[in-house]
Structures are given as structure tokens and as C-alpha cells.
Amino acid sequence: IMSHEYYRRGRNWYTAIGTLFIIMAGIVLVRQLVIWGPEFVQDFIFNSEFTNEKLSIGMIGFGVFMILLGFRKYESPR
């Protein structure tokens with residue numbers, strides 16, 4: 001039994017979306033590693049073109065940002 005003072009920290013829309021973005025980006029990166037190998041993926045990340053791997057890294061960054069946003073302290077209105 002939980003007290004009425006307990007709030008569900010980290011269980012909200014922000015953390016769910018952040019987790020979804022990280023999982024999707026992880027799937028893309030693992031798929032690219034399996035298909036192309038680590039050397040090519042590293043080349044794709046560090047070249048000057050806009051590639052799928054760079055988008056995946058951006059998605060991981062956005063996902064981490066959303067999760068951190070979800071863990072911020074807030075007071076629920078009563």
C-alpha cells in the first residue's frame with residue numbers, strides 16, 4: 001500500500017517516448033552493424049554525408065533527453 005504522497009516518478013509519457021526512441025535507434029544500429037560490419041558503420045558515422053547512423057545517434061540523444069525530462073521533479077496538481 002502506497003501513501004498518497006507517492007508519485008510515479010519516471011513513469012510518464014516522456015520516459016515512454018524516450019525509451020521507444022532509444023530502442024528504435026538501437027535496432028537500426030545493430031542491423032547496420034550486422035549487415036555492413038563495424039568498419040563501414042564507423043565510416044558512415046564520421047563521413048560528411050547525412051546517414052542513417054547519424055540519425056540513429058541523434059535519436060539516442062533525443063531519447064536520453066526525454067527520459068531525463070521524465071525524471072524531473074514535479075508536483076501533481078490536487
Side-chain angles (χ1 to χ4, degrees):
I1 297 175
M2 299 194 178
S3 71
H4 66 282
E5 297 294 323
Y6 176 78
Y7 62 94
R8 294 172 50 173
R9 183 174 183 197
R11 293 180 182 249
N12 55 30
W13 184 84
Y14 295 109
T15 54
I17 295 298
T19 304
L20 182 68
F21 267 81
I22 290 172
I23 290 171
M24 289 188 319
I27 289 171
V28 169
L29 285 176
V30 168
R31 184 192 66 185
Q32 295 296 79
L33 282 171
V34 168
I35 292 173
W36 295 103
E39 303 86 24
F40 282 110
V41 172
Q42 185 177 6
D43 289 341
F44 290 147
I45 289 173
F46 293 116
N47 67 10
S48 63
E49 298 174 3
F50 186 72
T51 60
N52 198 16
E53 291 78 11
K54 291 177 186 167
L55 183 64
S56 294
I57 291 173
M59 286 174 62
I60 290 172
F62 181 72
V64 169
F65 172 73
M66 292 296 282
I67 288 175
L68 292 175
L69 199 62
F71 275 106
R72 74 180 193 271
K73 229 176 196 182
Y74 64 93
E75 292 294 322
S76 59
R78 297 184 186 208

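Being a predicted model, the structure only gives us computed values, none of them experimental.
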>> How close do Ser56 and Ala25 get, counting heavy atoms only, and between which atoms?
In response: O-CB, 3.3 Å
>> Please determine whether residues Phe71 and Ile22 belong to a single hydrophobic cluster, defined as Ile, Leu, Val, Met, Phe, Trp and Tyr linked transitively by side-chain heavy-atom distances below 4.5 Å.
In response: yes
> Can you list every pair that meets side-chain hydrogen bond (donor to acceptor under 3.5 Å, both in side chains) and has a residue in residues 23-33, with sequence neighbours left out?
Replying inline: Gln32-Glu53
> Is there a path of hydrophobic side-chain contacts, each under 4.5 Å between heavy atoms of I, L, V, M, F, W or Y residues, that connects Leu69 with Met24?
Replying inline: yes
>> Could you list the cluster mates of Ile35? Members are the ILVMFWY residues connected by side-chain heavy atoms closer than 4.5 Å, either directly or through other members.
In response: Leu33, Trp36, Phe40, Val41, Phe44, Ile45, Phe46, Ile57
>> Run the ring pair (Phe, Tyr, Trp, His ring centres under 6.0 Å) test against Tyr14 and tell me which residues pass, sequence neighbours left out.
In response: none
> How many angstroms lie between atom CG of Leu20 and atom CE of Met59, to the nearest 0.5 angstrom?
Replying inline: 7.5 Å
> Which atom names give the shortest non-hydrogen contact between Ile67 and Thr15, and what distance separates them?
Replying inline: O-CG2, 3.8 Å
> Same cluster for Phe21 and Phe65 if Ile/Leu/Val/Met/Phe/Trp/Tyr side chains link at under 4.5 Å?
Replying inline: yes
>> Quick one: does any side-chain atom of Asn52 pair with a main-chain N or O of Leu55 as donor and acceptor, under 3.5 Å?
In response: no
> At their closest point, which heavy atom of Ile60 faces which heavy atom of Leu29, and how far apart are they?
Replying inline: CD1-CD1, 3.8 Å
